[in-house]
Amino acid sequence: MASDGARKQFWKRSTSKVPGSIQHVYGAQHPPFDPLLHSTLLKSTPKVPTTPVKAKRVSTFQEFESNTSDAWDAGEDDDELLAMAAESLNTEVVMETAHRVLRNHRQRQGQPAPPQPPAHEQEPKLVAEPPVAELPAAPSGDLRLVKSVSESHTACPAGSASDAIPLQRPQSLPHSATVALGGTSDPIALGGSARSHREASRLDKFKQLLAGPNTDLEELRKLSWSGIPKPVRPITWKLLSGYLPANVDRRPATLQRKQKEYFAFIEHYYDSRNDEAHQDTYRQIHIDIPRMSPETLILQPKVTEIFERILFIWAIRHPASGYVQGINDLVTPFFVVFICEHIEEEDVDRVDVASVPAEVLRNIEADTYWCMSKLLDGIQDNYTFAQPGIQLKVKMLEELVSRIDEQVHGHLEQHEVRYLQFAFRWMNNLLMREVPLHCTVRLWDTYQSEPEGFSHFHLYVCAAFLVRWRKEILEERDFQELLLFLQNLPTDHWNDEDISLLLAEAYRLKFAFADAPNHYKK
């Protein structure tokens with residue numbers, strides 16, 4: 001166990017060596033999670049599910065599967081089934097559907113399927129423990145344990161197919177359950193014609209929904225949960241973020257008015273960046289932008305100028321928080337999604353922004369500003385003075401992990417690794433520094449379709465993300481090595497499949513603990 005002096009020296013080295021590392025200011029204030037909010041979601045006004053089901057509400061998973069056998073046989077996306085179940089079924093069936101997704105994943109990856117538990121064991125009346133009968137048995141005997149995907153590899157028989165899968169490429173949902181940044185799935189899993197048909201069918205669903213005079217935003221959220229095809233992602237993000245109205249006739253006037261308003265801010269405020277009152281803010285923005293990713297895009301002069309204007313104007317117009325390191329990362333996904341609407345290049349690193357017409361860039365800049373502002377409106381307390389809310393969220397994460405995996409939690413405590421030392425960045429940057437950009441875009445598809453996705457659902461995603469690495473965490477026996485691993489997780493080769501599995505785990509955790517708020521101890 002490292003001495004206090006050695007630990008402090010290491011902490012200083014480990015944070016200074018990472019470009020753009022976050023200052024250790026404690027942060028954000030979000031109201032404690034209200035379990036009544038999610039418990040009433042299932043009782044809201046009935047919506048027409050994406051996959052047709054009978055009008056009669058079913059009470060068991062067997063009835064649900066029978067009524068929708070055509071959907072199961074057709075290979076509907078597992079994560080889309082989760083979104084559908086949340087709209088059309090009671091909580092018990094929702095939980096069982098979530099377990100079904102994970103069982104399907106294990107079976108398709110060659111792992112033995114856990115036995116089906118009795119119905120009474122699936123009852124999600126969770127005051128202290130989540131239902132775990134469908135999870136593999138924990139080596140320690142702790143029934144609350146949620147195994148990481150990487151550890152489940154070692155439980156397979158020698159010579160099994162999963163043995164060949166490296167730890168940095170974890171198992172995930174079937175390829176049929178993913179939508180890539182460009183709207184395509186991995187060609188290894190599906191034949192080209194079948195994949196094209198599924199993608200075209202899914203895209204048609206979006207186009208039909210968006211073509212009406214008034215877009216049903218609840219239907220759009222439900223359809224977007226399992227990913228948004230690239231051609232309709234820009235308009236869908238603008239609708240889900242609340243930037244554009246649902247009424248199609250009002251959209252052109254709204255865009256014109258908001259874009260004009262943004263550039264009025266530029267004309268009125270941007271020259272003040274060199275004033276004594278604001279020069280520190282502008283200087284920090286100017287320093288932080290080159291540290292962002294992807295570098296080949298961010299370092300283009302036009303992109304740098306756009307990001308500087310967006311961040312400076314937002315800081316000036318939000319004096320309660322001003323600019324805080326971490327906000328700069330939240331610009332990139334919106335900018336990339338909106339600019340991809342006007343270019344043919346699939347690889348963002350190769351995009352030449354200078355080739356995009358100036359008027360188009362102006363519109364992209366304004367749209368990016370307003371959508372980022374809408375996102376920050378829901379989590380602005382993360383960036384108020386001293387950021388106390390992030391400290392609260394990290395504490396909530398610690399309490400949640402202590403309940404779903406006591407062994408991992410105890411291991412971190414034993415080696416004196418504090419959650420703030422690695423999870424602060426997870427909350428401050430919404431995991432953007434932990435996964436590739438195309439994975440962030442896929443993650444945000446779901447965040448924008450979830451109620452309070454960037455705040456409350458993000459907590460469960462972080463919990464699933466930590467437990468995903470339990471095998472590697474438990475193998476580390478040194479404070480420095482543990483912290484280095486948690487600050488540099490091997491996700492460079494992650495793809496949409498990994499995000500889909502992460503979201504499925506987070507979804508299961510949310511419904512397991514939504515009615516058990518004791519993990520938010522004060």
Side-chain angles (χ1 to χ4, degrees), residues 37-58 64 67-68 70-71 74 76-91 93-94 97 177 179 183 198-255 258 334 337-338 341 367 370-371 374-375 377-378 441-454 456-457 503 507 510-511:
L37 175 64
H38 284 74
S39 65
T40 57
L41 283 177
L42 300 176
K43 302 176 183 178
S44 59
T45 305
K47 309 293 189 309
V48 180
T50 304
T51 305
V53 296
K54 294 184 179 180
K56 177 184 176 182
R57 293 179 63 89
V58 295
F64 167 59
N67 289 347
T68 60
D70 56 332
E76 281 289 324
D77 292 347
D78 282 338
D79 45 357
E80 187 172 344
L81 286 170
L82 290 178
M84 181 191 68
E87 295 286 343
S88 60
L89 306 175
N90 61 31
T91 306
V93 182
V94 168
T97 306
V179 177
R198 289 176 57 81
E199 290 166 2
S201 174
R202 185 167 173 75
L203 180 58
D204 283 343
K205 291 180 182 179
F206 274 91
K207 287 183 175 179
Q208 291 172 15
L209 190 57
L210 294 168
N214 288 283
T215 302
D216 186 334
L217 295 181
E218 289 304 312
E219 279 296 306
L220 187 62
R221 288 189 180 95
K222 183 167 55 178
L223 192 57
S224 300
W225 200 98
S226 54
I228 304 170
K230 180 183 177 182
V232 293
R233 183 175 274 135
I235 182 67
T236 303
W237 276 27
K238 291 172 187 177
L239 286 165
L240 294 181
S241 67
Y243 173 44
L244 284 185
N247 183 283
V248 67
D249 293 332
R250 292 175 51 206
R251 290 174 195 167
T254 300
L255 279 175
K258 299 301 285 185
F334 290 113
V337 166
F338 296 156
E341 187 178 14
D367 294 346
W370 288 114
C371 288
K374 291 289 186 179
L375 186 161
D377 283 347
V441 171
R442 169 62 189 92
L443 189 65
W444 283 24
D445 286 346
T446 299
Y447 277 3
Q448 296 199 78
S449 63
E450 272 281 327
E452 299 184 286
F454 289 99
H456 295 318
F457 187 62
L503 289 168
Y507 185 88
K510 185 186 77 166
F511 274 89

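Quick caveat, the model's predicted, so the values are computed rather than measured.
- At least one side-chain heavy atom of F338 sits under 4.5 Å from a side-chain heavy atom of C371.
- To the nearest 0.5 angstrom, S449 atom OG is 12.0 Å from K222 atom NZ.
- Looking at K510 and E450, a side-chain N of the basic residue comes within less than 4.0 Å of a carboxylate O on the acidic one, giving a salt bridge.
- Rounded to the nearest 0.5 angstrom, L209 CG and T236 OG1 are separated by 8.5 Å.
- Under the 6.0 Å cut-off for aromatic ring centres, F334 and W444 qualify, their centroids lying closer than that.
- To the nearest 0.5 Å, atoms NZ (K238) and CZ (R233) are separated by 13.5 Å.
- Residues satisfying the side chain to side chain donor-acceptor pair (under 3.5 Å) criterion with T215, sequence neighbours excluded, are R251.
- Within the 4.5 Å cutoff, no side-chain heavy atoms of V248 are placed close to those of N214.
- Residue K374 places its NZ atom among 12 or fewer non-hydrogen atoms of other residues, nucleotides or ligands, all under 6.0 Å distant.
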*Test side-chain contact (heavy atoms from CB on, under 4.5 Å) on L503 and W225 and set out the steps.*
CA-CA 10 Å; L503 289 168; W225 200 98; 4.1 Å; yes

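- In this structure, CZ on R221 lies 9.5 Å from CG on L239, to the nearest 0.5 angstrom.
- No side-chain heavy atom of F457 sits less than 4.5 Å from a side-chain heavy atom of E452.
- Interatomic distance, I235 CD1 to L244 CG, rounded to the nearest 0.5 Å: 5.0 Å.
- Side chains of D367 and L255 form a contact here, defined as non-hydrogen atoms less than 4.5 Å apart.
- Residues W237 and D445 have side chains that bring a donor and an acceptor to within less than 3.5 angstrom of each other.
- Using a 4.5 Å cut-off on side-chain heavy atoms (C-beta onward), L203 and P231 make contact.
- Proximity of Q448 to S224: side-chain heavy atoms (C-beta onward) are nowhere separated by under 4.5 Å.
- Proximity of W370 to S241: side-chain heavy atoms (C-beta onward) are nowhere separated by under 4.5 Å.
- Between E199 and R202, none of the side-chain N atoms (NZ, or NE/NH1/NH2) sits under 4.0 Å from a carboxylate O, so this pair counts as no salt bridge.
- Atoms CG and CG, on L220 and L240 in that order, are 4.5 Å from each other to the nearest 0.5 Å.
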